Q: 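Below you will find the structure I want to go over with you.
Chain A is the first sequence line, chain B the second, and so forth, proteins listed ahead of strands; every chain is numbered from 1. Remember, it's a predicted structure, so these values are computed and weren't measured experimentally.
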There are 2 protein chains.
Amino acid sequence: MMGEEFQASKPIYMQIVDRIVQQIIRGELLPEEKLPSVREMAIQTGVNPNTIQRTYSELERMEVVETKRGQGTFITEDEQMIKQLKVNMQIGIIEVFVKNMKELGFSDKEMVTGLETYFERKRGEDDD
Amino acid sequence: MMGEEFQASKPIYMQIVDRIVQQIIRGELLPEEKLPSVREMAIQTGVNPNTIQRTYSELERMEVVETKRGQGTFITEDEQMIKQLKVNMQIGIIEVFVKNMKELGFSDKEMVTGLETYFERKRGEDDD
DNA sequence: ATTAGTGTATTAGTTAGATAGTACACTAAT
DNA sequence: ATTAGTGTACTATCTAACTAATACACTAAT
């Protein structure tokens with residue numbers, strides 16, 4: 001019923017961190033908004049409260065949430081921080097991509113054309 | 001002296017798999033070429049022979065090497081397989097990239113322009 | 001048959017992450 | 001002061017994956 005699928009390759013608490021960060025960046029979670037309590041979130045995701053606490057600790061370390069002891073955990077009100085977060089995440093993803101492609105021997109230009117070709121082929125397919 | 005750095009986030013045997021696959025794709029390891037023996041490779045990389053065996057088992061499962069019991073482990077002679085391997089690896093990397101960027105709310109076009117911008121900025125920097 | 005070199009199998013130890021249970025501390029409302 | 005809801009801390013246990021150590025099995029050459 002509740003237990004969603006988590007990948008075995010990455011700690012659950014980090015997968016939840018990723019999910020929340022994505023929601024913030026996409027604007028689905030707004031500044032100053034309150035996150036579910038540790039215990040509530042644990043129920044929602046079907047994991048142990050301790051795992052959620054790790055998630056929230058990590059989010060606080062990243063400075064994307066603030067915890068008010070006794071009140072709850074809230075998305076940061078610093079919109080500039082969120083904007084910067086999106087940029088940093090984007091750069092991180094690009095750097096991994098470039099590194100991986102480079103290891104296969106692709107040049108910068110080939111990476112761009114490779115990506116474009118991928119999109120073209122995807123649009124040309126029947127379904128999905 | 002020998003022990004190179006491995007990331008803690010990924011199994012060592014898989015990191016060695018990645019390295020060997022990259023060498024094959026880049027043409028640094030040629031078809032029918034013999035890989036170092038399990039024990040020799042273990043010494044070279046500074047890990048346990050058992051870890052190398054897992055590496056070779058995985059490579060065999062991927063059909064990029066063939067093992068001849070009592071003789072050694074050899075790169076496949078099937079050049080078409082290697083060509084396909086490069087394509088598959090490339091698609092895999094692109095798919096991860098696209099998935100990650102999509103999760104941040106980027107469109108297909110924004111991914112391409114984002115990548116191009118990244119390269120332009122990189123070329124405009126002082127060093128590295 | 002022996003030896004050296006090879007892959008393979010089996011068992012054991014180590015570690016990180018997840019879980020579980022309990023207790024503590026702060027806040028707001030009553 | 002009490003209560004309910006919140007984050008935090010601590011300890012212990014469990015589990016899966018990785019790593020390690022050792023022994024076994026096959027191949028080729030002598």
Q: Whole-Å distance between dG17(C) C1' and Q7(A) CD?
A: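 From Q7(A) CD to dG17(C) C1': 15 Å.
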
Q: Without decimals, in angstroms, what is the distance between Q53(B) CD and dG5(C) P?
A: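 Roughly 19 Å, once rounded to whole Å.
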
Q: Once pairs are restricted to Watson-Crick or G-U wobble with both distances under 3.5 Å, how does DNA chain D read as a dot-bracket string, [ ] for crossings and | for other-strand pairs?
A: ||||||||||||||||||||||||||||||

Q: Just grab all the salt bridge (charged side-chain N to carboxylate O under 4.0 Å, His left out) pairs involving residues 26-38 of chain B, residues at least two apart or on different chains.
A: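 Passing the test, one end in residues 26-38 of chain B: R26(B)-E28(B).
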
Q: Apply side-chain contact (heavy atoms from CB on, under 4.5 Å) to P31(B) and list each qualifying residue two or more places apart in sequence or on a separate chain.
A: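 Partners of P31(B) under the side-chain contact (heavy atoms from CB on, under 4.5 Å) test: E79(B), I82(B).
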
Q: Roughly, in whole Å, what's the span from CE in M41(B) to P in dG7(C)?
A: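 Those two atoms, CE and P, are 10 Å apart.
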
Q: Output yes when at least one side-chain N/O atom of S37(B) is less than 4.0 Å from OP1 or OP2 of dG5(C), else no.
A: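 Looking at the OP1 and OP2 atoms of dG5(C), neither is under 4.0 Å from any side-chain N or O of S37(B).
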
Q: Give the other cluster members for V87(B), using side-chain heavy-atom distances under 4.5 Å between Ile, Leu, Val, Met, Phe, Trp and Tyr residues; answer none if it is isolated.
A: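 In the cluster with V87(B) are I91(B).
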
Q: Identify, with sequence neighbours excluded, every residue that meets salt bridge (charged side-chain N to carboxylate O under 4.0 Å, His left out) alongside D78(A).
A: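 With neighbours one apart ignored, the set is empty.
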
Q: Which pairs with one or both residues in residues 69-89 of chain A pass ring-ring contact (aromatic ring centres under 6.0 Å, His included), sequence neighbours excluded?
A: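 Listed once each, the pairs would be none.
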
Q: Between A8(A) and T73(A), name the one whose nearest nucleotide on DNA chain D is closer to the 5' end.
A: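 It is T73(A) whose nearest nucleotide is closer to the 5' end.
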
Q: Pairs in or reaching into residues 60-75 of chain A: which pass salt bridge (charged side-chain N to carboxylate O under 4.0 Å, His left out), with residues at least two apart or in two chains?
A: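 Applying salt bridge (charged side-chain N to carboxylate O under 4.0 Å, His left out) to every pair that reaches into residues 60-75 of chain A, excluding sequence neighbours, yields E58(A)-R61(A).
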
Q: Roughly how many Å is it from NZ in K34(A) to P in dG5(D), rounded to a whole number?
A: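 To the nearest whole Å, that distance equals 12 Å.
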
Q: Is the phosphate of dG7(D), meaning OP1 or OP2, less than 4.0 Å from a side-chain N or O of T67(A)?
A: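 Indeed not, no polar side-chain atom of T67(A) lies that close.
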
Q: Using a 3.5 Å distance criterion without hydrogens, assess whether the side chain of T67(A) forms a donor-acceptor pair with backbone atoms of T73(A).
A: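 Side chain of T67(A) to backbone of T73(A), a donor-acceptor pair under 3.5 Å: no, none is there.
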
Q: Anything under 3.5 Å between a donor and an acceptor, one on a side chain of residues 94-109 of chain A, the other on a protein residue two or more places apart or in another chain? List them.
A:
| from | atom 1 | to | atom 2 | distance (Å) |
| --- | --- | --- | --- | --- |
| K99(A) | NZ | E103(A) | OE2 | 3.2 |
| N100(A) | ND2 | V96(A) | O | 3.4 |
| E103(A) | OE1 | Q22(B) | NE2 | 2.9 |
| S107(A) | OG | E110(A) | N | 3.2 |
| S107(A) | OG | E110(A) | OE1 | 3.4 |

Q: Atom CD1 of I43(B) to atom C1' of dG5(C): distance rounded to whole Å?
A: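 So the two atoms are 13 Å apart, to the nearest Å.
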
Q: Nucleotide by nucleotide, 5' to 3', does protein get under 4.0 Å of the base (B), only the sugar-phosphate (S), or neither (-) in nucleotides 21-30 of chain D, counting heavy atoms?
A: B-B-SBSS--

Q: Rounded to whole Å, how long is the line connecting atom CZ of R54(B) with atom P of dT10(C)?
A: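 The answer, rounded to whole Å, is 14 Å.
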
